[in-house]
Amino acid sequence: MSASKSSLPALTLGAIGVVYGDIGTSVLYAVKEVFGSGHVPFTTDNIYGILSIFFWTMTVIVSIKYVALVLRADNNGEGGLVAMLALASQAVKDKPALRRLLLIAGIFGTCLFYGDGVITPAISVLGAMEGLEVVSPAFKKYVIPLTLAVLLCLFMVQKHGTAGIGKFFGPITLVWFATISVLGIAQIADHPEILKAISPHYALGFIWHNPGVAFVLLGAVVLCVTGAEALYADLGHFGKKPIRLAWFGVVMPALTLNYFGQGALLLKNPAAVKNPFYMMAPDWALIPLVVLATMAAVIASQALITGAFSVTKQVIQLGYLPRLNVEHTSVKDTGQIYIAFVNWGLFVAIVLAVVMFRSSSNLAAAYGIAVTLDMLITTILTFFVIRYAWKYPLWLCIGATGFFFAIDLAFFSSNMLKLLDGGWFPLLIGGAIFTLMMTWKDGRRLLNEKLKADAIDLSSFLEAVFVSPPVRVEGTAVFLTAEIGTVPNAMLHNLKHNKVLHENNLFVTVRNHEVPWIGMDKRLSIESLGHDCWQVIINYGFKNDPDVPKALQQIKGRGCELEPMTTSYFLSRDTVVPTLGTGMARWREKLFAQMHHNASGAADFLNLPNNSVVELGSKIEI
């Protein structure tokens, strides 16, 4: 979806469904966790204070930090931690040590996104299903099996794409926000004075009188801003205006009304703390509400799964993961993709989370560390973007990001108290993925250094070959090579075994850049090497879909005509052999060798025609 193709109302409705599904379902469990913790006695002042903290947390973190400020840091129209990382690393490219540090921090933040991607679907769907316990305690034993069944259906449908059902996401989520607003208004009508809690002095008063309790409670309060990072990540799909309009026009008012409605219910009936969201509803509405909440939770989970596919594709093109098989599930929307490995990996981790933690309350203990650390990393990267890319004065940069850094740090520190209660789980997932990414990056560097050390200069080699040229055969040979100006292994093997040379030879290097998009006008450069040989460089951004045959169509009229039927693509299929030496630790070399072996073929990744590809292998020691 893009702003140029859809109207503002349609984009705003889409943003309500995709961007805000996650934060919209936080009403299911956020208030329950804060008041159910046992840290806060049920007094009017405490209820006012907590509601005020909720309101101002949403205002400061979502409204001011993300919606007003961070959305401005778009990278060619794209948002998200990967886009922010690319902006920050470009801003400090003349400071290599700092740039490497920022890249490591940004990649670690991206890894934590996967930890968040496991907890969020689990807590959202479990939280929705727990409404059955309010209908009747007899349903309690069905909550986990039904949760797992819903999640299985959700992950099974991914392969077929969500274009068909995606058009219902916005309307269903809009009905959800309307419903939670009505539930809140009905309770507020009994205690309209609860609206006074919007005043910040109630929040400040609670923190002043209960500093220790307030600090501990921040770990549960953060649940009201689940999905704040997602609205920045979805910037490229919807644009700033629809995301802002959806937040201020629909989402923020609906969340505020529902949270204050839950507060009004607790004033009247403290026993409702066991599940204040569902106990706001009349008995006749409980089953329909559970169904609607489950649909909203599934939509929230869908947005995160789609985000995981998108982030994985971007990270692959930045060179931090091996090639994976990426399937396009929509003819119209190139952004709709499916990666089987990521899909089922997420599903297994989510099932583990549901079975291990068994309730939304237990999962709430696991939630928070990953997302608050991500928020902290975003704030740090924002400083380097506004200081070094936008050239704002230092005092302004420190003042703006320092304020949010202090808030993010407070939330992160509070959530660290939950480390042993489950916070280790998303950190373990993020840490494992970070190890894989850094091993792949370092392994690729060692492999390229080895290839470069053994490489033969292309120009010199061609001069030597054409002193006594081999037999020339019809057609074009496209040799894919990682390094410009070096002889591809595939060419050496072709000359050694087949003893022929095609009449046209293209030496093609694909370069991926730290920008989201590179237009067709900058896609390709070509240089003649003589004897009907050309050096070709193809450029892609991390959100472009690599398609080498399509890019090579641009060389027509530049002295080389490419006929698809007579073109062969030669690839080197290298086998990595770990050895003792100065490279990585032995276990990392073995891990890299396994990842390299299991990477999907370059032919599929580069969209080469299957019937025109020749792969020639060799062994390389690192």
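Along the sequence shown, residues carry numbers from 1. From a predicted model like this one, the values you see are computed outputs, not experimental measurements.
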**Asked** Tell me, which pairs form a ring pair (Phe, Tyr, Trp, His ring centres under 6.0 Å) where one or both residues lie in residues 67-110, sequence neighbours left out?
**Response**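 Only Phe108-Phe434 qualify under ring pair (Phe, Tyr, Trp, His ring centres under 6.0 Å).
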Side-chain contact test, heavy atoms from C-beta onward, threshold under 4.5 Å: evaluate it for [X] versus [Y] and give yes or no.
X: Leu608; Y: Asn610; result: no
X: Phe592; Y: Arg444; result: yes
X: Ile316; Y: Tyr320; result: no
X: Ile305; Y: Leu154; result: yes
X: Leu8; Y: Pro242; result: yes
X: Pro470; Y: Val500; result: no

With a 3.5 Å cut-off and no angle check, do the side chains of [X] and [Y] form a donor-acceptor pair?
X: Asp604; Y: Ser600; result: no
X: Thr379; Y: Lys65; result: yes
X: Tyr114; Y: Thr312; result: yes

With [X], which residues qualify under salt bridge (charged side-chain N to carboxylate O under 4.0 Å, His left out), at least two apart?
X: Lys95; value: none
X: Asp374; value: none
X: Arg387; value: none
X: Lys159; value: Glu327

Which distance, rounded to the nearest 0.5 Å, do you find between the [atom1] of [X] and the [atom2] of [Y]?
X: Leu318; Y: Ser89; atom1: CG; atom2: OG; result: 8.5 Å
X: Leu11; Y: Phe238; atom1: CG; atom2: CZ; result: 7.0 Å
X: Glu589; Y: Asp442; atom1: CD; atom2: CG; result: 11.0 Å

Nearest heavy atoms of [X] and [Y], plus distance in Å:
X: Pro549; Y: Pro609; value: CG-CD, 3.8 Å
X: Leu480; Y: Pro488; value: O-CB, 4.3 Å
X: Gly319; Y: Lys441; value: O-CD, 3.4 Å
X: Thr509; Y: Ala482; value: CG2-O, 3.5 Å

Can you tell me if [X] uses its side chain to pair, donor with acceptor, with the backbone of [Y] under 3.5 Å?
X: Glu503; Y: Val473; answer: no
X: Asn343; Y: Ile339; answer: no
X: Tyr232; Y: Ala73; answer: yes
X: Arg588; Y: Met438; answer: yes
X: Asn598; Y: Met595; answer: no
X: Arg523; Y: Ala551; answer: no
X: Thr372; Y: Ile369; answer: yes
X: Asp22; Y: Val19; answer: no
X: Gln302; Y: Phe169; answer: no

How would you list, by chain and number, every residue that makes a side chain to side chain contact (heavy atoms under 4.5 Å, CB included) with [X], sequence neighbours excluded?
X: Trp587; result: Thr435, Ala585, Leu591
X: Pro546; result: Gln317, Tyr540, Phe605, Leu606
X: Asp457; result: Ser459, Ser460

Result block: side-chain N/O donor-acceptor pairs under 3.5 angstrom for residues 531-539, not counting sequence neighbours:
unit_1	atom_1	unit_2	atom_2	d
Gln535	OE1	Gly485	N	3.3
Gln535	NE2	Phe507	O	3.0
Asn539	OD1	His513	NE2	2.8
Asn539	ND2	Lys522	O	3.3

**Prompt:** Is it true that Arg99 and Glu514 have a side-chain N and a carboxylate O under 4.0 angstrom from each other?
**Reply:**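 Salt bridge: yes.
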**Item:** Sidechain N-carboxylate O distance under 4.0 Å for Lys313, Asp545
**Value:**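 Yes.
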**Message:** I need the full list of side chain to side chain donor-acceptor pair (under 3.5 Å) pairs touching residues 486-499, with sequence neighbours left out, sorted by first then second residue.
**Reply:**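 Residue pairs with at least one partner in residues 486-499: Asn494-Asn498.
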**Message:** Using the side-chain hydrogen bond (donor to acceptor under 3.5 Å, both in side chains) criterion, which residues pair with Arg72? Sequence neighbours excluded.
**Reply:**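 side-chain hydrogen bond (donor to acceptor under 3.5 Å, both in side chains) check on Arg72 returns Tyr392.
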**Message:** Between His502 and Phe570 (judged by ring centroids, cut-off 6.0 Å), do the two rings come close enough to count as a pair?
**Reply:**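 Ring centres of Phe570 and His502 closer than 6.0 Å.
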**Asked** Can you check side-chain contact (heavy atoms from CB on, under 4.5 Å) on Ile380 and Phe404, steps first, answer last?
**Response** CA-CA 9 Å; Ile380 293 166; Phe404 294 114; over 6 Å; no
Please table the atom pairs, donor to acceptor, closer than 3.5 Å between any side-chain atom in residues 77-87 and protein atoms at least two apart or in another chain.
unit_1	atom_1	unit_2	atom_2	d
Glu78	OE1	Lys543	NZ	2.9
Glu78	OE2	Trp517	NE1	3.0

**Message:** Students often mix this up, so state it plainly: with edges at 30° and 60°, are the rings of Tyr388 and Phe384 parallel, tilted or perpendicular?
**Reply:**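 Rings of Tyr388 and Phe384: parallel, as their planes differ by under 30°.
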